[in-house]
Amino acid sequence: HVVVGILINGFSNKGLMRDAVRFFLKAIDGGLEPNLVMFNTLIEGFCRVGKIEDALKIFKQIQANNLFPDVITYTAIMKAIADKKMSKMALNIFFQMIKQGFIPDAVSYCALIDGFCKQKKIADGYKVFDMMIRSGLLPDTATYNVLLNGLFREGRLEEVSQLFHQLSKRGAKVDVITYNTMINGYCCANKIGEALKFYEDMKAKRMEPSIVTLTILTDAFCKHRRMDEALQMFNSMLDNGPLPNVVTYSCLIDGYCKAQDIRSAYDLYDQMVEGTVSPNIITYSSLVHGFCREGRLDEASLVFQYALDRGLMPD
RNA sequence: CUAGAUGAUCAAGCUCU
């Protein structure tokens, strides 16, 4: 069962839902008794690619197989619905779930709160947060990370720093994602200086900056056309790790294009093609856009063709 | 006795709001 589950998850994670389902059905044909983990994996896979209808079809199959959904099942579906900007409906499902006797855990609360925060309905997010506390759950770091992010989105920087400083008092540990959230929030608010303070702070606390941390900063430098500093960040990643990934490269390529230095952008692209980090459709989109902006349409078409040659799907 | 598969929070382009 576990091996089959792992394989379904493998297909699912790559967005190959057709293969995931085909494999699942074949295993059943061979006499396998499906279990809830497999159904949940399929549901989450469909949800991740936005195919809620298909997810619900699988959901019905759970009962048809004399199994019962659990909190994980519901959370995956709630998140998918919230991602479609329908947090109200997600909340209804949440209540349904409770009516049916399931006890939501911190993960399901967090998913709901995040949905509201991302739709700039932080007041509703806080209502769910209050429900969470009333239910006796202690909000964890992830919950606070979601709230910090929501406050940033609304420009409520004063409350951000208050909350950040209360975290330990409230019994939540500050983790790398908390710092990344702070750094990214300040970068988006055009306060790179403040962001860099948190970057230093995290290092002083012996917390390892992640690939995301460094990419946030690289991108911020790029967006401010501070390409020297962006490149410095990038080189330090090559030297000391964590190694840049496709997102890091794409930030730089886009930055160079917009700084009208297509030459450097294209050099980086070459490095990718020759190296181990494959460009994706976003990388190509930045390059194509860069060439178009300069009126270099032939090169734009050529690069576009390269993307197709690599089997990438233009969106 | 113990281990292995499923759900939440952070980063990139374009478009739309």
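So you know, we letter chains A, B, ... as the sequences are listed, proteins then strands, and number each from 1. Since this is a predicted model, take the numbers as computed values, not measurements.
Across all strands shown, A:Lys118 has heavy atoms under 4.0 Å from sugar-phosphate atoms exclusively, and none from any base. Within 4.0 Å (heavy atoms only), A:Asp140 reaches at least one base atom of the nucleic acid. At the heavy-atom level, A:Thr41 lies under 4.0 Å from the strands shown only through sugar-phosphate atoms. Across all strands shown, A:Ile177 has heavy atoms under 4.0 Å from base atoms, whether or not it also approaches the sugar-phosphate. Heavy atoms of A:Cys110 sit under 4.0 angstrom from at least one base atom. When heavy atoms are screened at a 4.0 angstrom cut-off, A:Asp315 is found touching base atoms of the nucleic acid. In this structure, A:Ala142 reaches the bases: a heavy-atom distance under 4.0 Å links it to at least one base atom across the strands shown. When heavy atoms are screened at a 4.0 angstrom cut-off, A:Val176 is found touching no nucleic acid atom at all. Looking at heavy-atom distances under 4.0 Å, A:Val37 makes contact with a base. A:Lys85 comes within 4.0 angstrom of no nucleic acid atom, judged by non-hydrogen atoms across all strands.
Near RNA chain B, meaning a heavy atom under 4.0 Å away, the residues from residues 286-301 of chain A are A:Ser286, A:His289.
You can see that RNA chain B meets the heavy atoms of chain A within a 4.0 Å-exclusive cut from B:rG4 to B:rC14, reading 5' to 3'.
Cluster annotation: A:Leu42 is connected to A:Val71 through the hydrophobic network of ILVMFWY side chains, with a link wherever side-chain heavy atoms come within less than 4.5 Å.
Ion pairing of A:Asp124 with A:Lys127 is present here, as a side-chain N (NZ or NE/NH1/NH2) and a carboxylate O approach within less than 4.0 Å.
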Determine, stepwise, if the pair A:Asp201 / A:Lys197 fulfils salt bridge (charged side-chain N to carboxylate O under 4.0 Å, His left out).
CA-CA 6 Å; A:Asp201 188 40; A:Lys197 275 190 208 161; over 6 Å; no
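Ring geometry, A:Phe11 versus A:Phe23: the interplanar angle falls from 30° to 60°, so the pair is classed tilted.
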